[in-house]
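Here is the structure we will look at.
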Amino acid sequence: MSSSIALRHARHLCTTTAAAATATAAKLSGPLSISQTKSKLRHEYDPDMALQIYSSFTSSNNHSSSTSSVRYAQEFTVRRLAKSHRFSDIESFLESHKTLPQITEEAFLASLIRSYGVAGMFENALKTFDEMTDLGTPRSSLSFNALLTACVHSKLFDRVPSYFNEIPAKYGLSPDKFSYGILIKAYCEMGSPEMAIEKLNEMEEKGIEVTPVTFTTILHGLYKKGRNEEAESFWDERVTKKGCIPDVGAYNVRLMHIHGGEVEGVKKLIDEMSNAGIKPDAISYNYLMTSYCKNGMMDEAKKVYDELGSKGCNPNTTTFRTLVFYLCEQGRHVTGYKVFKESVKLHKIPDFNTLKYLAEGLAKNGHKNEVKAMIRTMNKKFPPNMLKAWGKLVEDLGLAPIDTNEFDSGESEMAST
DNA sequence: ATAGGGTTAG
């Protein structure tokens with residue numbers, strides 16, 4: 001009952017596309033579990049379908065509609081709509097939540113602010129924050145932080161310090177470690193790590209916990225400005241002198257900035273973190289693998305990939321993209337094809353350009369069967385709007401054209417890479 | 001529960 005209005009609204013939006021509604025009726029017959037919802041949303045590129053999946057989920061979970069899973073689904077749906085530039089639909093969708101009884105729960109309202117931020121609709125986020133008094137929703141740092149996050153997502157970085165200075169006093173709330181984290185992020189994004197460090201010191205003075213997250217934001221900000229020596233001394237100062245315990249994310253920032261150089265340095269840092277009791281993750285191993293690739297050591301790179309499982313890590317899209325790309329570059333197209341097949345199995349398919357590189361390389365080197373198998377796979381796996389570019393590539397390679405005229409709209413994450 | 005770290009080659 002609680003999300004019936006949002007649900008009705010979602011259904012109304014869905015019926016605006018007759019084809020989508022028909023497809024929906026066939027595809028979705030009952031309530032969805034959390035994992036079904038996440039999986040379906042990830043693979044759904046049509047925003048109307050995303051809305052339908054959202055409503056199908058919330059309708060069966062209205063007893064816990066302010067949980068993180070609903071927020072995830074809500075943000076994801078908004079992201080899909082935003083990619084199609086359907087901002088007025090986002091507004092109707094999110095505004096419809098304001099008539100639900102849960103709107104007086106701060107967490108529920110904060111998720112609307114965050115969703116507006118994800119869509120880059122900051123003015124709506126601010127309006128929602130301002131409306132809290134009228135809606136009867138209490139304000140704490142939770143909604144304040146949601147507003148600051150919306151600034152960052154909307155790339156209005158310079159507003160973060162202003163709100164940080166004005167809002168807490170106005171509404172009697174206290175900035176916490178998250179508020180400071182967002183403020184520090186904003187300063188780093190504005191190219192001002194020194195201001196970020198100043199705020200870090202302020203946190204310490206006020207006794208607000210400095211976590212590896214806060215510390216990593218600044219480390220990254222310094223490296224991004226090319227201030228490598230300062231980054232290194234910042235690490236030494238925080239870790240060696242002030243006892244900040246770096247985590248895998250902090251080490252990954254360091255790996256990111258050295259993986260273009262010699263392999264030895266990367267291996268040494270991986271050893272260093274392991275010795276410090278921090279388990280490298282897939283991102284860490286991606287840097288090691290890339291480092292091998294850049295130095296032409298493909299067997300070693302492949303070995304890192306092959307041994308990921310035994311290290312308790314799963315390859316991700318970046319793993320596959322990098323490995324396939326460098327295998328092609330080294331002329332090892334058939335191995336590249338085999339790795340591609342594994343990426344399909346794991347639903348971690350590389351971006352279009354990498355696949356194009358692979359298909360062209362296979363074709364040029366006479367591996368016709370592999371190209372044909374690849375085409376069959378991709379005709380099934382590519383999001384609709386990419387089939388057109390894929391069909392053109394297939395034609396350019398002198399292979400049978402496919403009819404993609406019926407697919408000519410929508411956006412996808414793959415396409416943008 | 002809200003803040004950080006991957007989009008690396010062409």
Side-chain angles (χ1 to χ4, degrees), chain A residues 66-72 75 105-111 113-115 117 140-153 160 164 175-189 196 199-200 203 208-224 231 244 246-261 266 273 278 280-294 301 313 315-330 348 350-354 356-358 360 413-417:
Chain A
S66 58
T67 65
S68 63
S69 299
V70 175
R71 281 211 315 276
Y72 175 93
E75 279 189 29
E105 291 168 25
E106 188 180 12
F108 184 82
L109 186 141
S111 81
I113 295 177
R114 295 165 53 82
S115 289
S140 75
S141 60
L142 186 74
S143 45
F144 173 54
N145 294 344
L147 185 71
L148 296 184
T149 301
C151 287
V152 170
H153 284 151
V160 176
F164 193 92
D176 57 14
K177 61 179 172 182
F178 300 106
S179 325
Y180 271 98
I182 305 160
L183 178 66
I184 283 169
K185 170 75 175 166
Y187 277 126
C188 288
E189 288 288 339
K199 293 297 161 188
L200 188 77
M203 286 176 84
I208 297 170
E209 183 197 9
V210 174
T211 70
V213 176
T214 337
F215 158 79
T216 302
T217 310
I218 295 177
L219 188 71
H220 183 52
L222 287 167
Y223 276 123
K224 222 168 52 180
C244 181
D247 62 7
V248 60
Y251 272 101
N252 283 345
V253 169
R254 287 178 72 192
L255 286 168
M256 176 167 58
H257 287 89
I258 65 160
H259 85 283
V266 179
M273 64 193 285
I278 294 152
D281 65 9
I283 294 174
S284 321
Y285 286 119
N286 278 350
Y287 289 127
L288 179 62
M289 189 189 76
T290 307
S291 181
Y292 279 127
C293 288
K294 282 177 189 255
C313 298
N316 55 33
T317 308
T318 305
T319 315
F320 287 114
R321 183 206 313 197
T322 305
L323 192 55
V324 169
F325 177 83
Y326 282 102
L327 284 168
C328 289
E329 204 183 53
Q330 301 282 324
K348 302 278 165 63
D351 64 291
F352 181 83
N353 286 331
T354 303
K356 183 175 180 231
Y357 196 39
L358 175 61
E360 286 170 345
E413 286 169 343
M414 275 173 151
S416 58
T417 54

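So you know, we letter chains A, B, ... as the sequences are listed, proteins then strands, and number each from 1.
- Atom pair A:Phe320:CZ and B:dT8:C1' shows a separation of 16 Å (rounding to whole Å applied).
- The side chain of A:Lys177 contributes no N or O atom lying less than 4.0 Å from OP1 or OP2 of B:dG4.
- You'll find a donor-acceptor pair under 3.5 Å spanning the side chain of A:Asn316 and the base of B:dG6, going by distance alone.
- A donor-acceptor contact under 3.5 Å is not formed by the side chain of A:Thr318 with the base of B:dT7.
- Using a 4.0 Å heavy-atom criterion, one finds that A:Thr149 contacts the sugar-phosphate atoms exclusively.
- If you take CD1 of A:Ile258 and P of B:dG5, they are 18 Å apart, rounded to a whole angstrom.
- Residues forming a side-chain hydrogen bond (donor to acceptor under 3.5 Å, both in side chains) with A:Glu189 (at least two apart in sequence, or on another chain): A:Lys185.
- Here the side chain of A:His259 is nearest to one of B:dT2, B:dG5, B:dT8, namely B:dT8.
- Not a single donor-acceptor pair under 3.5 Å links the side chain of A:His153 to the backbone N or O of A:Ala150.
- Rounded to an integer number of Å, the gap from A:Leu323 CG to B:dA9 C1' is 14 Å.
- Taking the side chain of A:Asn353 as heavy atoms from C-beta on, and the options B:dG10, B:dT7, B:dG4, the nearest nucleotide is B:dG10.
- Nucleotide B:dG6 holds its C1' atom 18 Å from the CZ atom of A:Arg254, rounded to whole Å.
- For B:dG4, the base has a donor-acceptor partner in the side chain of A:Asp247 [N/O atoms by modelled type, under 3.5 angstrom].
- Closest to the side chain of A:Val248, from the set B:dG5, B:dG4, B:dT8, is B:dG5.
- Between the side chains of A:Thr318 and A:Asn286, no donor N or O sits under 3.5 Å from an acceptor N or O.
- Residue-level contact check: A:Ala250 touches the bases, meaning some heavy atom is under 4.0 Å from a base atom.
- Among the protein residues, A:Thr217 comes within range of the sugar-phosphate backbone only, with heavy atoms under 4.0 Å from sugar or phosphate atoms but none that close to a base.
- Put simply, NE2 on A:His257 is 13 Å from P on B:dT8, counting in whole angstrom units.
- Side-chain proximity of A:Arg71 to B:dG6, B:dA9, B:dA1: nearest is B:dA1.
- Side-chain nitrogen and oxygen atoms of A:Tyr326 include at least one within less than 4.0 Å of the OP1 or OP2 phosphate oxygen of B:dA9.
- As judged by a 4.0 angstrom heavy-atom cut-off over every strand, A:Ile182 is placed among residues touching the sugar-phosphate backbone only.
- Remark: A:Phe164 CZ to A:Ile182 CD1 distance equals 9.0 Å, nearest 0.5 Å.
- Across all strands, A:Arg114 comes closer than 4.0 Å only to sugar-phosphate atoms, never to a base (heavy-atom distances).
- Backbone-only contact: A:Lys294 has heavy atoms under 4.0 Å from sugar-phosphate atoms and none from a base.
- For the pair A:Leu255 CG and B:dT8 P, the interatomic distance rounds to 18 Å; values are reported in whole Å.
- Here B:dG10 is the nucleotide among B:dT2, B:dG10, B:dT8 with the atom lying nearest to any side-chain atom of A:Glu329.
- In this structure, the nucleotide among B:dG10, B:dA9, B:dG4 sitting nearest to the side chain of A:Lys185 is B:dG4.
- Atom-to-atom, CG of A:Asp351 to C1' of B:dT8 comes out at 11 Å; the value is rounded to the nearest Å.
- Taking the six-membered ring where tryptophan is involved, the planes of A:Tyr223 and A:His257 are essentially parallel, since the angle between them stays under 30° and well short of 60°.
- Comparing B:dA9, B:dG10, B:dG6 by their nearest atom to the side chain of A:Asn286 picks out B:dG6.
- In summary, the side chains of A:Thr217 and A:Thr214 do not present any donor paired with an acceptor at a separation below 3.5 Å, with no hydrogens or angles considered.
- What separates CG of A:Asp281 from P of B:dG4 is a distance of 16 Å, to the nearest Å.
- For A:Thr214, counting side-chain heavy atoms from C-beta on, the closest listed nucleotide (B:dT2, B:dA3, B:dA9) is B:dA3.
- Taking CG of A:Leu147 as the start and OG of A:Ser141 as the end, the distance is 12.5 Å to the nearest 0.5 Å.
- Among the nucleotides B:dG10, B:dG5, B:dT2, the one closest to the side chain of A:His220 is B:dG5.
- Looking at heavy-atom distances under 4.0 Å, A:Thr211 makes contact with a base.
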